[in-house]
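Inspection log for the structure reproduced underneath, given as structure tokens.
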Number of protein chains: 2
Amino acid sequence: MVTTKYIKPTESELEILRILWERNTASVREVHEELSKTKEAGYTTTLKLMQIMHEKGLVGRDDSVKTHIYHPVVSREKTQKHLIGKMITTLFGGSSTELVLHALGNHKASPAELEEIQQLLNNLKKQ
Amino acid sequence: MVTTKYIKPTESELEILRILWERNTASVREVHEELSKTKEAGYTTTLKLMQIMHEKGLVGRDDSVKTHIYHPVVSREKTQKHLIGKMITTLFGGSSTELVLHALGNHKASPAELEEIQQLLNNLKKQ
DNA sequence: GTTCTTTTACGAATAATATCGTATTTTGCT
DNA sequence: AGCAAAATACGATATTATTCGTAAAAGAAC
């Protein structure tokens, strides 16, 4: 079994991944357009970043057409898992519960969402 | 009112803060000893990092004694809040619930902890 | 097929982090 | 006082991440 080692995306790379996770595929131009809404950066900067991500294996691309189309290779779930894990360790002294309490306490959730959490909670309690 | 602007700790700085949050105060030597358990680094590297953190205002220190004693200035809570916020935005598409579900799902919690979460959940539902 | 536009490739500059070597300072001990 | 041990100060280097300018390539439009 080939265990592919986890590559930690940098902050800028995460921003790009976020867009790709949302859209599934996108050209550099599209990613850059989206990025520009929240941050200042030249087009070639975005391009270079995405090329580096491609080298690292964070994203794949279809370059059979003129305008290359990129897609995420690392899954959102896996990335979430890694970052949450790290966060729990260094920021919450190992207690996932503390993280949950903070997340719930500081950011409002809808009744439906609360219900969803309740469901999961019920399941966990049963065991 | 003087709003002190948030200083984002780097990754290494977070590791040091974690130790200071745990112990409240510590010398460079003590922090370095603790750090050495999980990572390779020279003593002066740790020293330098802590000096920089002092300049930035992330930590304070008592240098009236030979061996300077450091303490955290930024609170764990505030730092948690910032990082969670960022995480929810870029990694969970703005949904704190998704973060909660992930955290709960991937990392086991004790019955007591589950109960604690239940309490908070009940409170939130009431509103 | 020449020109214009868009895109990619790529090297290089800059900036931010992290690491470490060496000199100096401080203090305890004899 | 003189010496050794431990600590700090600080500049230099290394490493990683980000930014961007310029040239070459690929089509599209005429």
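Residue numbering restarts at 1 for every chain, and letters A, B, ... go by the order of the sequence lines. Just so you know, these numbers use all the heavy atoms, side chains as well, and skip hydrogens, waters and symmetry mates.
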Query - C/dT7 phosphate, OP1 or OP2, under 4.0 Å from A/Arg29 side-chain N/O - result: yes
Report task. Check every strand shown and say whether B/Gln51 touches a base, only sugar-phosphate, or nothing at a heavy-atom separation below 4.0 Å. Result -> base
Requested in this report: Give the rounded distance in Å between these two atoms: CD of A/Glu15 and C1' of D/dA17.
Outcome: 13 Å
Query - Protein-nucleotide distance (B/His32, atom NE2; D/dA7, atom P), rounded to Å - result: 12 Å
Query raised in the report: Could A/Glu13 and A/Lys8 be called an ion pair, given the rule that one side-chain N must be under 4.0 Å from one carboxylate O?
Result: no
Requested in this report: Mind checking B/Thr44 for me? I need base, sugar-phosphate or nothing, with any heavy atom below 4.0 Å counting as a touch.
Outcome: base
Query raised in the report: Quick one: A/Ile52 CD1 to D/dT18 C1', roughly how many Å, whole number?
Result: 8 Å
Report summary line: Taking D/dA7, C/dT8, D/dT18 as options, the one with an atom nearest any side-chain atom of B/Thr67 is D/dA7
Query raised in the report: How would you label the contact of B/Thr45 with the nucleic acid (heavy atoms, under 4.0 Å): base, sugar-phosphate, or nothing?
Result: base
Query raised in the report: Can you find a side chain N or O atom of A/Arg61 that sits less than 4.0 Å from OP1 or OP2 on C/dA9?
Result: yes
Requested in this report: Provide, to the nearest angstrom, the distance between the CG atom belonging to A/Leu47 and the C1' atom belonging to C/dC10.
Outcome: 10 Å
Requested in this report: For B/Glu40 and C/dC20, give me the distance from atom CD to atom P, rounded to whole Å.
Outcome: 8 Å
Report task. By nearest nucleotide on DNA chain C, pick out whichever of A/Lys66 and B/Lys39 is the more 5' one. Result -> A/Lys66
Query raised in the report: Parallel under 30°, tilted from 30 to 60°, perpendicular over 60°: which one fits the rings of A/His82 and A/Tyr6?
Result: parallel
Report summary line: Of the candidates C/dA9, D/dC10, D/dA17, the side chain of B/Lys48 sits closest to D/dC10
Query - Verdict with reasoning, B/Val74 to B/Lys78, per side chain to side chain contact (heavy atoms under 4.5 Å, CB included) - result: CA-CA 7 Å; B/Val74 297; B/Lys78 197 169 181 180; over 6 Å; no
Query raised in the report: B/Gly42 or B/Lys56: which one's nearest nucleotide on DNA chain C is closer to the 5' end?
Result: B/Lys56
Report task. Name the residue closer to the 5' end of DNA chain D, choosing between A/Ser12 and B/Ile69 according to the nucleotide with the nearest heavy atom. Result -> B/Ile69
Query raised in the report: Does a side-chain heavy-atom distance below 4.5 Å link B/His54 with B/His68?
Result: no
Requested in this report: For A/Tyr70 and C/dT7, give me the distance from atom OH to atom P, rounded to whole Å.
Outcome: 12 Å
Query raised in the report: For A/Leu49 and D/dT19, what is the distance between atoms CG and P respectively, to the nearest whole Å?
Result: 7 Å
Report task. May I have the distance from B/Met50 (atom CE) to D/dC10 (atom P), rounded to whole angstrom? Result -> 17 Å
Query raised in the report: Salt bridge or not for B/Glu11 and A/Lys86, using N-O below 4.0 Å?
Result: yes
Query raised in the report: Distance check: side-chain N/O of B/Tyr43 vs OP1/OP2 of D/dT8, anything under 4.0 Å?
Result: yes
